[in-house]
Amino acid sequence: MCGITGWASFHRDARTQTPVIEAMTAALTRRGPDAGGVWLGEHAAIGHRRLAVIDIAGGAQPMTDHPDTPTAVLSYSGEIYNHHELRAELRGRGHTFRTRSDTEVVLRAYAEWGEGLAGRLDGMFAFAVWDERARRLLLVRDRLGVKPLFWAAVDGGLAFASEPKALFGHPEIRPRVDADGLREAYSLLFNTGPTVWSGVREVEPGGLLVLDRDGIRERRYWQLEAGVHADDRDTTVSRVHDLVSTAARSQLEADVPLCSLLSGGIDSTVLTALLADELRLREGPEARIRSYAVDYSDQAEQFTGDVLRTGHDTPYAIEAGAFIGTDHSTVVLDPRALLDPEHRQAVVVARDSPIGVGDMDTSLYLLFGEIRRHSTVALSGEAADEVFAGYPWFHHPKALAARTFPWLLVTGDEAAMPLNPELGLHIGEFRDDTYRDALAAVPHLDGETPTEHRQREMQHLSLTRWLRQLLHRKDRLSMAQGLEVRVPYCDHRLVEYAFTTPWALKSFDGREKSLLRAAGTGLAPESVLWRPKNHYPATHHPDYNRGLQNMARDALDAYGGRVRDLADETRVKPFLDTPPDQLEWGHRLRLERVVDLALWLEHYQPELAL
């Protein structure tokens, strides 16, 4: 896992721009703390920061196909899980290899298949290839968008990076925010493409971009498609088990210590059990995988439920770890750590965005920091809810009947910091227009029942939008700690199979995640298998609420008063004086948004073109 950056331009000689590419690359040091390098040619500059995971000695980047006279230069981030199979195929086609890294497999695959290599890769990845002979830049992103990849136009070409902060090291790209950017950020619709930053865009998940002298061309090499599902229930359950098992096994490879995130829910428990079984097969019956969970100092005695959380995770995580046989640890955080200004600032800088989820982001960042003391790679159960229909909006009639993005029924204006209506953002209209466009992109089969039609919409929205922000969160906060997080439930074969599976099979036992529960029988305690959906935990400690209220009061005056200009203060003030032990999660999140906005403005000092 790494950080990539660079640019290509046909209007200037990149060989004179060493300080620029070094500054852009240095901005990604936390993504790649182990090594860094740059390459410069006449029309391109390529940078790389490395987190060494596979082939520690041989995987240095940027990597060239010929050390002395390169014809292709690669900067790559991610993991290719089928690199052994591809290596064997490429050797059969006459290619030779200098290293055993998956990076070199990508480079040789480009030499063999050009941009067609994208569809042959299984994994999570974002990479750039500069082709010296063709004078062409290729950017490629994995199918689900696990790994980030941003770009912006520059004179005669474009610049790219794993994170926007690296783009801002280029003299032609400045942090600028306009009304469109605020609308994208605060509408909570999670569009792919545009960002909060004016002129900065994402390469689409499952997409690639080509720059040459003819201009910029973008296309999708993968997207979800509706298909006929011919398997019966037993066959479907068996197939799901095999697909999840295969994904888990393929993602265990690493030359560094590896662990699992074990929350005590069905997703992470099934995954951890499969990983533990495979590890014992490889290393012997005494092998134990490390597992980690997060908790708060107030939860054991005074857990407080809310709209997203119905129970305390830790007892289930401990039970699951004992059942599986992991070396389990619980990282317990207190209000002081969650309120620490340095931690809050680090989270906002990691995200490059004012939009987060407050203490839940800070706690995840701190959890990853603790894990990084012992492991370099962690595996997560992220995406199982999207793949197996685990969210309430798949099951509640009100959510199914609503003509809007289903998560807005839970988050809505409670979770979005209310912006000043004088900004004229018209977020309601923007949401309506975007929702219509999103539904138009959903593939359907002829003859679908109304139920099947609607559930396919719900899953498509969840996989292509809601999941996007969860993957962003996990990538940014883990890589800010130099930790690689892998997500086996994002295996595209599993996602494709689940997307074509009829709703009647997805919910055959009348519960959420019916298929995963059936496939996971015997892999988890019964208490975990039948436990209701529980979201990532949040603290409810009065000391945290009190400290947050104080931070929010100060934040309103920050950045020369611009926070007050941007926020609808009348919808924030009532919660500044609510008794700390009575502050509801949704109302508290408004205060979190104010604090994050102030930190973001202070750090980036963006031009506000509003």
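Side chains are part of it too, since the values below use all heavy atoms of this structure and drop only hydrogens, waters and symmetry mates. Here, residue 1 is the first one in the sequence, and each next residue gets the next number.
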**Prompt:** So how far is it from R476 CZ to S353 OG, rounded to the nearest 0.5 Å?
**Reply:** 8.5 Å
**Item:** Main-chain N/O of C2 paired with R50 side-chain donor or acceptor, under 3.5 Å
**Value:** no
**Request:** May I ask you to say whether R372 pairs ionically with E484, meaning some side-chain N is under 4.0 Å from a carboxylate O?
**Result:** no
**S101 versus M63, closest heavy-atom pair with distance** = OG-CE, 3.9 Å
**Prompt:** Below 4.5 Å, heavy atoms only, C-beta onward: do P194 and D180 meet side chain to side chain?
**Reply:** no
**Request:** Give a yes or no answer on whether the side chain of E172 reaches the backbone of D155 with a donor-acceptor pair at less than 3.5 Å.
**Result:** yes
**Message:** For A27 versus K165, what's the shortest heavy-atom pair and its separation?
**Reply:** O-CD, 3.5 Å
**Prompt:** E163 pairs by salt bridge (charged side-chain N to carboxylate O under 4.0 Å, His left out) with which of R30, R31, R49?
**Reply:** R31
**Message:** Please check this pair: side chain of W407 against backbone of L188, looking for a donor-acceptor N/O pair closer than 3.5 Å.
**Reply:** yes
**Message:** Is a donor from one side chain sitting under 3.5 angstrom from an acceptor on the other, for W222 and E496?
**Reply:** yes
**Item:** Side chain proximity check, T326 to R290, heavy atoms < 4.5 angstrom
**Value:** no
**A383 versus C490, closest heavy-atom pair with distance** = CB-SG, 3.6 Å
**Asked** Measuring from L274:CG to T246:OG1, what's the distance to the nearest 0.5 Å?
**Response** 9.5 Å
**Item:** Rounded distance (nearest 0.5 Å) linking atom OG of S250 with atom CG of D491
**Value:** 6.0 Å
**Request:** Under the side-chain hydrogen bond (donor to acceptor under 3.5 Å, both in side chains) rule, what do Y536 and S263 come out as? Steps first, then yes or no, please.
**Result:** CA-CA 8 Å; Y536 184 88; S263 69; over 6 Å; no
**Message:** Show, in sequence, the C-alpha distance, side-chain angles and deciding distance for D255 and R100, and conclude whether the salt bridge (charged side-chain N to carboxylate O under 4.0 Å, His left out) test is met.
**Reply:** CA-CA 11 Å; D255 295 335; R100 61 182 183 83; 2.9 Å; yes
**Request:** Could you tell me whether the side chain of R220 and the main chain of P205 form a donor-acceptor pair under 3.5 Å?
**Result:** yes
**Request:** Would you sort out whether E115 and R136 count as a salt bridge (charged side-chain N to carboxylate O under 4.0 Å, His left out), showing the intermediate values?
**Result:** CA-CA 11 Å; E115 65 183 65; R136 181 173 59 223; 5.7 Å; no
**Prompt:** Any luck finding a side-chain donor-acceptor pair between E132 and T71 under 3.5 Å?
**Reply:** no
**Fill in**
Looking only at heavy atoms, the pair that brings H170 and R174 closest together is O-NH1, 4.2 Å
**Message:** Tell me whether the rings of W197 and F168 are parallel (<30°), tilted (30 to 60°) or perpendicular (>60°).
**Reply:** perpendicular
**Request:** Please state whether the rings of H343 and Y365 are parallel, tilted or perpendicular, taking 30° and 60° as the class boundaries.
**Result:** tilted
**Request:** Using a strict cut-off of less than 4.0 Å between a Lys/Arg side-chain nitrogen and an Asp/Glu carboxylate oxygen, indicate whether E382 and R473 qualify as a salt bridge.
**Result:** no
**Request:** For residues F160 and L211, determine if any side-chain heavy atom of one lies less than 4.5 Å from a side-chain heavy atom of the other.
**Result:** no
**Asked** Is the backbone N or O of L262 less than 3.5 Å from a side-chain atom of T272, with the two atoms forming a donor-acceptor pair by type?
**Response** no
**Message:** Does atom CZ (R133) have a neighbourhood of more than 12 heavy atoms from anything else shown, all under 6.0 Å?
**Reply:** no
**Item:** Atom of G41, atom of D13 and distance for their closest heavy-atom approach
**Value:** O-OD1, 4.1 Å
**Prompt:** Do we see a donor-acceptor contact under 3.5 Å between the side chains of R468 and N191?
**Reply:** no
**Asked** Rounded to the nearest 0.5 Å, how far does NE2 of H66 lie from OG1 of T64?
**Response** 8.5 Å
**Fill in**
The salt bridge (Lys or Arg N to Asp or Glu O under 4.0 Å) partners of R351 (sequence neighbours excluded) come to D361, D596
**Prompt:** Can D131 and Y110 be counted as having a side-chain donor-acceptor contact under 3.5 angstrom?
**Reply:** yes
**Prompt:** Are any non-hydrogen side-chain atoms of Q459 and E386 less than 4.5 angstrom apart?
**Reply:** no
**Prompt:** Is there a donor-acceptor contact under 3.5 Å linking the side chains of E204 and T192?
**Reply:** yes
**Item:** N/O donor-acceptor pair under 3.5 Å between R141 side chain and G145 backbone
**Value:** yes
**Request:** Report yes or no: do K147 and S162 form a side-chain donor-acceptor pair below 3.5 Å?
**Result:** no
**Request:** Could you tell me whether the side chain of D122 and the main chain of A247 form a donor-acceptor pair under 3.5 Å?
**Result:** no
**Message:** Whether the E253 and H83 side chains hold a donor-acceptor pair (N or O, under 3.5 Å, no angle test) is what I'd like checked.
**Reply:** yes
**Message:** Could you check whether Y292 and S375, counting side-chain N and O atoms only, form a donor-acceptor pair closer than 3.5 Å?
**Reply:** no
**Prompt:** Are any non-hydrogen side-chain atoms of L597 and V595 less than 4.5 angstrom apart?
**Reply:** no
**Request:** First locate atom CG of D65, then atom CG of L107, and finally report the distance between them rounded to the nearest 0.5 Å.
**Result:** 5.5 Å
**Asked** Are the side chain of T376 and the backbone N or O of P257 linked by a donor-acceptor pair below 3.5 Å?
**Response** no
**Asked** Just by modelled atom types, is the G227 backbone N or O under 3.5 Å from a matching donor or acceptor in the T500 side chain?
**Response** no
**Message:** I'd like to know if the side chain of D142 reaches the main chain of G123, judged simply by a donor and an acceptor atom lying under 3.5 Å from each other, with no hydrogens or angles considered.
**Reply:** no
**Request:** Begin from the C-alpha positions of R108 and E112 and carry the test salt bridge (charged side-chain N to carboxylate O under 4.0 Å, His left out) through to its verdict.
**Result:** CA-CA 6 Å; R108 304 300 174 191; E112 182 66 30; over 6 Å; no
**Message:** For T99 and E104: C-alpha separation, side-chain torsions, deciding distance, then whether side-chain hydrogen bond (donor to acceptor under 3.5 Å, both in side chains) applies.
**Reply:** CA-CA 7 Å; T99 75; E104 189 176 6; 2.7 Å; yes
**Item:** Exercise: do T5 and T25 side chains pair donor with acceptor under 3.5 Å
**Value:** no
**Request:** For the residue pair L364 and V294, establish whether any side-chain heavy-atom pair is separated by less than 4.5 Å.
**Result:** no
**Donor-acceptor side-chain pairing of Y76 and D102 below 3.5 angstrom** = yes
**Request:** Report yes if some heavy atom in the side chain of E592 is under 4.5 Å from a heavy atom in the side chain of V357; otherwise report no.
**Result:** no
**Message:** Contact between F430 and L189 at the side-chain level, heavy atoms closer than 4.5 Å - yes or no?
**Reply:** yes
**Request:** Write down the atom of W130, the atom of A8, and the distance for their closest heavy-atom approach.
**Result:** CZ3-CB, 3.8 Å
**Request:** May I ask you to establish whether R87 and F97 are in a cation-pi arrangement, using a distance under 6.0 Å from NZ or CZ to the six-membered ring centre and at most 45° from the ring axis?
**Result:** yes
